[in-house]
Each structure stands twice: as C-alpha cells, then as structure tokens.
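Predicted model only: the values in this text are computed from it and were never measured. Whatever order the structure lists them in is the order used to number ligands and atoms, beginning at 1.
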Amino acid sequence: MTARMNALTRVSGLLYGGDWNPEQWPEEVWAEDVKLMAEAGVNLVTVGVFSWARLQPAADVWDFGWLDRLLDLVHGHGIAVDLATATASPPAWLVRAHPELLPVTADGVRLEFGSRQHYCPSSAVYRAAAARLTRALAERYRDHPALALWHIHNEYGDHVQECFCPASAADFRRWLRERHGTVEELNRSWGTAFWSQRYGSFDEIEPPRTAPGPVNPTQLLDWRRFCSDALLALHRTEKAVLDEVSPGVPVTTNFMSMLKSLDYWEWSRHEDLVSDDAYPDPADPRAHVNAAMNYDLMRSLKGGKPWLLMEQAPSAVSWRPVNLPKRPGLYRLWSLQALARGADGILHFQWRASVAGAEKFHSAMLPHRGTASRGWRETVRFGADLRRLGELAGTRMRGQAAVLLDWDSWWALELDDHPSARMRWPDLLRPWYAALHDRGVTVDFVPPTGAFDGYRLLLAPNLYLLDTATADRLTAFVTAGGHLVCGPFSGISDRHDHIHPGGHPGPLRPLFGVVVDEHWPIPDGAATAVRLDQGGAELRAEHWSEWIDTEGAETVARYASGELAGLPAVTRHRHGTGSAWYLGCHLGADVGRVLDLPLAEAGVAAEVADLPTGVEATRRRAEDGTGYLFLLNHGSAACRVTLGEPGTDLLTGTDVAEGVTLAPLGAAVVRVRPVPRTSASPSPSTPAEERA
Ligand code: GAL
C-alpha cells in the first residue's frame, strides 16, 4: 500500500519533524540542517515560534529576508513548513514602549521581560501588535509552496493564564455584562447577599485579587471562565487574520494535554486540527497511562479526527528538578503510542539542540554531540519506522466507552472551602482511566453537550457542577439502554455553583435512586473498607465517603469499617432499559473492581483479549475497513501476544499468524483484514463531530 495523503497538511504520509529555531544559528548551519532532516525523513518543521524580535526588530522595521531564504531552502529539500505566527514572546522594544502590556499577578506584581509569554491577555496593544505581525507573515507567505500549516502563538496558558491589571479588570467587567446582563442578575448568580458582597454597578467589580479571606466562589468560577475566553479571544484574533489572508491553509495552536486553565472543548471549535505538546516523565513507570489519557482527549476534541503530536522531547527535558533521558527504545515506543491513539504525525521540541538560553540542556532530534550520538540514531530509526507506517495517515481510532469531561465542573470542583481539598479532577479521573487502560478498554472523552448515544457505557468520575439540561441528557441516555457510572461528590451545584436543594446528587437523584445525606471525607493516610455484596471482595476507600440512603437503587457494595459501616457505598439503579451506577466513595486504585461490573453489563471488553501485563493494544481503522492493531509493550520483559486474526506487521514487513512476540519496549503494528463490527464498537461517525 502507498502512503495516503495526510488530511492535516496535504503532506503525504505521516508527519515527522519538530520546532526548528534557525535564528539561533548562522545560516551556514542551515544547509547541514536540511541535509540531515532529509536523511532522517523529516517532512514538516515548525519555524518562527520565537522569532518576533528577529522578524520585526523595531516598530516599523521588518526583516523577512532570512525567513524567505529559509523557506526556499526547506522547500528545495522537499520539506514542508508549519509556520508560526511568532507572537508568544513580544520583543523588548514593544514592552518598553508599552510596559502596561506586561501581566500582573493577583498580588499586584508586574512580571518582567526576560522570559516569554510576558503579556496581558486583555492588552489591546499586545493584541494589535500580534495581529499586525500575523497579517504581515500571512501576506508574505500565503502562497509559498513550503507552507503546509499555520501555527498560532505557542502553548497559550503555559506561563501566563491570568492577569489582574486594570485592562484585565475592564475586560472582565465587559465579559460579566455580556454574561449576566444586569448587575441584579450578577448579584443573584454570585450570591452576593452572603458577607455583604452586593454590587451597585458593574464598575464596582474587580478581578479576584488577593483578599483577606475566602473570595466569592462564583466570582472565582466566572474568573476562570473569563480567563479561558480572554486567551481564546487572542487566538481568535490571529485565526481571523489567517482565515482572511491565507484561506485554505489549515491552522492549529499547540495544546498542553489536559490543561485545567483552558476549556479545550470550546477552543477546539476554533482549530482546523488539534495539536498537542506532551512530555511524559521517563522517571515515572506509569507515565504511558497518563499519556494515553491525554492522547485520547486530543483525539476526542475533534470527534476522532487525526491530530498531531506537535511537541515531545526526543529524550530528556530541562525543566523538571531531575531530568531523566529516555532509555533506548522508550522514545520509539512512546512515539508509536501517540500514533496508536490517533495521531497522524510526531513532532518534537526541538530539531537542533540550543547552545544558549534556558533550554540548552533540553534534548533534541539532533543532539549537541551531532550525528555520532545515540539520540541521532533514534531519530533516524524512527523516521524510517514512520515511512513504513505511511498508510496509517487519515485512519481513525475510536474508543469503546466514553468519559465525560466538563471544564466548568473541574473549575468549580477545585474551588476552596469544600468538604475536602483532596477532591481534585485529575486525582479522581486517573484511577478510573488507569483501571480501564489496564483492562485494555479504550475510551473517548465527551463534553456534557455531546451526543452520548454512540456508546453503551458512559463514565463520569466526577460531575460536581451539573445543570438540569445535562442531567436530562444523562437520564435519556440511560432510559434508552445506556449504562452510566458516576463517581462521588456529583450533582452538587448548578452553573452558578449554587447547591441543588433537596439532597445530592441533585437532579440525578431519580436516575441513581439514591440521596446523599452527608459527606464524610476520610482523613489523609486513613482508609475505609468497602465490601462488594457479591463475592465479598474487600476494597479500600480513601479521601472520600458519603452517607447514602437508597431510593430504589440496589446496593452493590457497602462500607465494612468506620462510622458508615453497613451503609451503601456503591449502588446500581435500573432505569428504562439501562442502568445507573453511583460510587459514593473514592476507591483509588481499587476502582477497577467496581468498574468491572458495568463493563460486563454493557458488554465492553478489551480490544485484544488476554493481553500480557504492560501491553497496550489499540486499533485504528481505514475507511475501507482495514484495521491496524498497535501492540505496545511497556513492560521490561519480553512477552507473547496471541492474535485472533492474521496480518502483517508493518514495522518489520513480516506476516503474523497466531501472534507476535514483543521485546521489552517492543512494538508491532499489524495490518489486519476488515473485521465485522461488534455491538461494542460503534460506527465511525462520532458524537463530538456531530456536535461540531
Ligand atoms: C514547551 C514549549 C517549547 C519548549 C518545550 C520544552 O512547553 O512549547 O517551546 O519550551 O516546552 O520542553
């Protein structure tokens, strides 16, 4: 089979390359760079991410000559360009002319020039300057044959997520007016009758700067929403320029995996393709589980469309306290993992290792030692792997179950003055995800507004904030035969973060057939025993438990120690033709023992049965039904995976009959014949896509 065109950028096959910062090097070095890129199979480079000061050395002075030469050079070597708008690091002359564009912390400290991302998201000066630069680049390069993709800015929200300066305060007030209409409505929504916080007009409102005590929670929640929107407004300004001046060239900005501060459901509506920067820690033996989770989110943001791994480290990063390199084979395995979960390209930070600056100890595709290095050998080897896998471009992976993710709820959950500060979204989600991952079950993420009905099983590790519309949609899902599993401290508050009256889980009470009488957080280091009614297995709850009374639900597990001994800890309620499971406690690593029950009831099984421990298996599918089975051995021992279907391992070109043997950190990508769909593998059109 030949390589398919890559829908992301119209470059053929899978994409390979990285950030290239040629402005850090004399031009003689560029010639060597492109020669080595060709040798490694690089077909896409990201250029210009931090080039503002070089492109526009003074307010009305432009220097595009070097970029003209660079683009011509790479094009001459058959390499395409992901051209950055270069707006992530405003130059010194702009900052000195307009110091008010620097961001201010909640304590009133103005952050200085000398790093990057030193701008206030609401600064009109910064926004205009960024739009001007974007327009200049777009007008100059829109027809350049090397241009394959526009790269807006860089990692919005990396260093600066919020700003408390007067310009931000004014923008916040504008945003509040739009959201609430009248100050009376804002007073109602913020519950300002509490602690005499009533406002007489919008002009009296400030951002939630450092205050003597707890700040109004709805003010904080609106602030989070506003901060995500303020950065998005910047992004949309640049996107609008590109859409106008350079239509038809796809546009992306690099996301930062599951980042709390930006509502990526909203953001991804403004992306032509989703791209992500991922830096799993080689020191963490379970890092691949978290990476899988982030990749599943990236794939889900555009309803399953292929996405791009825009940045990863070829080996060590330079920003952790201790930065471990990737041991031989790990880089390749982790790169394949992104492909396994739907990526159509693997790019890096960065192409050539810097010799100066804050990142000079960061690994690169071309390390300081040059082509004699181990890193370079891995770069060349993986480039060859990608060429063998070219036919994967455009194929899709689809999860067998869905996980509900709602940024609003995440933000509200983690506000202060709750029964326990231990209830944090990533800590609640990760054990659920890990349990599914360990069972070989793949998942997509869905937003609360998504259509859930393509799935048989929907998991909601937490739904602290829940409006009645979502509750109705969840109820309809179960009524129609879906299986819903919901974690503790859910259905608590409405979109203003006001408690649903009448007992938790608020509007979901009838669906789950339970009411929570009181929250019983578990002290740090302590645990409460939970026993499954069937089989009697004993599990461990930590950090959180709830006093639950059933209202029609059956008890699946109950507390076996502590104050709540004998009371229900896990329940199941048949509703319509489906079932609704409620977990009233945080079961940490033991949660899989409970999830096994709804998994079985929903008929959701592993992609490949009887996987050896540490082996990850996913399947991508082409439109013609051809399947691509990824088998990745994250373990340190060789193992054998038995396959029910014959195929060809694309990495080695060998035919595979009954199974494959995987070396430690080894992998296989097996092309298999079209398989009939099972009831647990839904159709290729996905809910979020239908939504978009
Ligand atoms: C990313 C950033 C890159 C580089 C990299 C180092 O967050 O986008 O510019 O700093 O980290 O790991």
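In Asp19, neither the side chain nor the backbone holds a heavy atom less than 4.0 Å from any atom of ligand 1. Contact annotation for Glu359 and ligand 1: only side-chain heavy atoms (C-beta onward) come within less than 4.0 Å of the ligand. Residue Glu311 touches ligand 1 through its side chain alone, judged by heavy-atom distances below 4.0 Å. When non-hydrogen atoms are compared, ligand 1 lies under 4.0 Å from the side chain of Asp277 (C-beta onward) but not from its backbone.
Atom 9 (O) of ligand 1 has Arg116 NH1, 2.9 Å as its closest protein atom, hydrogens excluded (heavy atom only). What sits closest to atom 7 (O) of ligand 1 on the protein, heavy atoms only, is Glu155 OE1, 2.4 Å. Looking from atom 5 (C) of ligand 1 to the surrounding protein, the closest heavy atom is Tyr279 OH, 3.4 Å.
Checking side-chain atoms of Glu271 against main-chain N and O of Thr253 turns up a donor-acceptor pair under 3.5 Å. A donor-acceptor contact shorter than 3.5 Å links the side chain of Ser363 to the backbone of Ser315. Proximity of a side-chain donor or acceptor of Asp277 to a complementary backbone N or O of Glu311 within less than 3.5 Å is detected.
Short contacts between ligand 1 and Asn154, defined as distances under 4.0 Å to a heavy atom of the residue, involve ligand atoms 2 (C), 8 (O), 9 (O). Ligand-side atoms of ligand 1 in range of His362: 6 (C), 12 (O), range being under 4.0 angstrom from any heavy atom. Heavy-atom contacts of Phe50 reach the following atoms of ligand 1: 9 (O) (cutoff under 4.0 Å).
Between Arg225 and Glu266, none of the side-chain N atoms (NZ, or NE/NH1/NH2) sits under 4.0 Å from a carboxylate O, so this pair counts as no salt bridge.
Centroid-to-centroid, the aromatic rings of His348 and Tyr331 come within less than 6.0 Å. In this structure, Phe255 has its ring center no closer than 6.0 Å to that of Trp307. Ring centroid separation for the pair Trp334 and Tyr295 does not come in under the 6.0 Å cut-off.
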- Task: Could you check Val289 against Tyr433 for side chain to side chain contact (heavy atoms under 4.5 Å, CB included), going step by step and ending with a plain yes or no?
- Result: CA-CA 8 Å; Val289 180; Tyr433 186 89; 4.0 Å; yes
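Ligand 1 has no nitrogen or oxygen under 3.5 angstrom from a nitrogen or oxygen of Asn254.
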